[in-house]
Structure formats: structure tokens, C-alpha cells
Amino acid sequence: MTAPESHAPAPSRRVAVVTGASSGIGAATARALAAAGYLVVAGARRLDRITALAAEIGGIGRALDVTDPESIAAFVAGLDRVDILVNNAGGAKGLGPVAQAVEDDWRWMWETNVIGTMRMTKALLPALTASGDGLIVTVTSVAALEPYDNGAGYTAAKHAQALVHRTLRLELLGKPIRLTEVLPGMVETEFSMIRFDGDTERADAVYAGLTPLTADDVAEVIAFAASRPPHVNLDQIVIKPRDQANARRNIKTG
Ligand code: NAP
């Protein structure tokens with residue numbers, strides 16, 4: 001990995017920063033944007049995966065923990081040009097009633113999804129503005145649209161993350177920055193493994209008996225949003241499997 005020096009001229013290729021690119025939707029988005037011609041700067045905590053991805057797509061891989069301001073500062077250092085920021089890092093921990101809420105899980109979800117999005121956006125807003133045609137994509141969820149039983153820790157965090165993004169849409173009006181919120185339904189990634197703390201059986205059961213989205217399905221939509229001309233803003237894109245009607249109902253729940 002070679003990090004551009006801070007005094008180096010801005011690259012002539014358009015640059016896309018993707019957070020949480022070590023797996024799932026983030027990795028697929030990094031691949032899709034690289035295929036669309038972007039120089040992709042990929043970040044996540046698992047540096048081995050990020051380094052391998054960067055080598056595969058001819059991008060730059062850097063360690064990134066969006067819950068750590070110092071890690072973010074090191075990640076963005078020397079990024080003189082940024083055209084796209086994909087706020088994707090995030091996820092869920094646990095599934096249980098508010099009455100039994102696990103505070104550490106709630107804190108993790110808030111720090112990663114909400115504060116992580118705020119911090120990354122704040123750090124890269126000057127570069128995105130300077131690009132003259134910036135785009136901020138935030139991957140929220142159908143959990144940002146409605147509650148579901150036992151999901152309050154995640155739905156609260158995703159609603160909050162979405163409101164950070166939707167507020168930016170108002171605050172940045174008149175600036176050369178588009179904002180796209182992507183709200184996926186069920187996507188088969190490592191999401192449920194993380195949610196259920198490595199319980200493979202429980203994670204697999206989430207997707208058994210229906211056809212979920214793949215990470216590529218979501219990544220293609222993000223790349224499409226990025227490909228629109230500067231005056232076209234895709235504000236919200238809700239993408240679900242045909243087998244899922246909303247956050248509460250799918251063909252298994254009836
Ligand atoms: P995933 O496969 O578990 O990917 C999550 C990514 O986030 C990983 O690359 C992980 O990398 C990264 N991440 C977690 N904590 C981080 C931190 N502190 N700093 C930097 N990166 C961090 O799950 P996914 O489904 O692709 O999730 C991507 C996004 O889509 C999340 O925001 C999730 O909430 C959202 N989403 C998922 C679904 C779904 O059904 N899968 C549905 C709606 C929305 P490291 O662990 O290497 O840091």
C-alpha cells in the first residue's frame with residue numbers, strides 16, 4: 001500500500017472512499033466503483049482483507065476504525081481528492097427486547113453506524129466540496145424506516161444514522177454535493193454472523209427459505225447512483241428481496 005503524500009498533486013482519477021470494505025456490501029461496492037473507473041480508497045479494521053482487496057482492484061487499502069478519531073485522521077491524511085464517500089461501515093449486535101437491552105451492544109451500534117458516519121463525513125466534507133461534484137452515499141437500512149420486535153438497538157441507530165444523512169441533504173443544499181441514502185432489506189453478508197456473535201446456525205437461519213439480496217445487488221445500485229450526472233440526486237433507494245415486504249414481513253413470517 002502506498003499512501004499519497006500530503007503535498008502530492010491530487011490524482012486526476014476520481015476517488016471513492018468506501019468504509020467497511022473488508023466484507024459484504026462495502027467490499028462489493030469497492031469492486032463496483034473500481035470497475036466504474038474510480039480509484040478506490042478502502043477502509044476497515046481487518047487490514048489483511050483490505051490490503052488484498054486493494055491489490056485486486058488496483059486501489060488503496062488503509063486500516064480504519066470509524067469509532068476511533070485518531071484512526072480516521074490517519075485514514076484521511078493525504079487524501080487530496082475525494083469525489084465519493086460511501087458510509088457503509090456498520091451493523092447490528094444482538095436481537096432482544098428493550099427490557100433486556102445489552103448496553104455495550106447498543107453503544108457499539110451507535111458508535112459505529114451513527115457517530116462513525118458523522119465523523120467520516122465531517123472529515124471528508126472539505127475534499128468532497130472541493131471536488132465540484134461530490135457524492136455521499138450512506139448505507140442505512142429498512143430498519144431506518146420502521147421498528148421491528150426485538151430490534152430497537154439497531155432500528156434506533158439506523159434511524160439516527162439516516163437522520164444525520166437526511167439533515168446533511170438540507171445543510172448542503174447549494175453546495176456541489178449529492179446525497180444518496182441506500183436502504184437495503186435482507187442481504188446475505190457477514191451481517192447476521194456479527195449480530196449473533198459468530199453463531200453460524202442462527203445466522204444461516206435468517207436467510208434459509210427465502211432468496212436474500214447479495215452484496216453485489218446493492219453495490220450495483222450504488223454504482224448506478226454514482227453514475228448519474230451532477231444535477232441528478234437519487235435521494236433514497238429502498239432495495240429489498242422480492243421475498244421481503246418490509247422490515248417485519250417476509251415469506252417466512254407470512
Ligand atoms: P458485513 O459483511 O458484516 O460488513 C460490515 C463492514 O463494516 C465490515 O467490512 C466491517 O469491517 C465494517 N466495520 C464494522 N465496524 C467497523 C468500524 N468500527 N470501523 C470500520 N469498519 C467497520 O455486513 P454488511 O451487510 O455488508 O453491512 C454493511 C452495511 O449495510 C452496514 O451499515 C449494515 O448495517 C447495512 N445493512 C446490512 C443489511 C443486511 O441485511 N446485510 C441490511 C441493511 C443494511 P471490519 O470488521 O474489518 O472493521
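Read the numbers this way: they start at 1 and go in the same order the structure lists the ligands and their atoms. When reading the values below, keep in mind they use all heavy atoms of this one structure, side chains included, and skip hydrogens, waters and symmetry mates.
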Exercise. May I have all residue pairs that pass side chain to side chain donor-acceptor pair (under 3.5 Å) and include part of residues 176-189, sequence neighbours excluded?
Key: T140-E181, R166-E181, E181-Q236

Self-check item: Of all pairs that satisfy ring-ring contact (aromatic ring centres under 6.0 Å, His included), the ones with a partner from residues 84-125, not counting sequence neighbours
Solution: none

Self-check item: D197: partners by salt bridge (Lys or Arg N to Asp or Glu O under 4.0 Å), with sequence neighbours left out
Solution: none

Practice problem: Please determine if R248 forms a cation-pi arrangement with Y148, meaning its NZ or CZ atom is less than 6.0 Å from the six-membered ring centre and no more than 45° off the ring axis. | Solution: no

Quiz item: Is it the case that R195 places NZ or CZ above or below the six-membered ring of F191, under 6.0 angstrom from the centre and within 45 degrees of the axis?
Solution: no

Quiz item: In order of chain and number, which residues sit within 4.0 Å of ligand 1 by heavy atom?
Solution: G20, A21, S22, S23, G24, I25, A44, R45, R46, L64, D65, V66, T67, N88, A89, G90, G91, T112, N113, V139, T140, S141, Y154, K158, P184, G185, M186, V187, T189, E190, F191, I194

Practice problem: Could you walk me through whether D65 and T67 pass side-chain hydrogen bond (donor to acceptor under 3.5 Å, both in side chains), step by step? | Solution: CA-CA 5 Å; D65 181 348; T67 70; 2.7 Å; yes

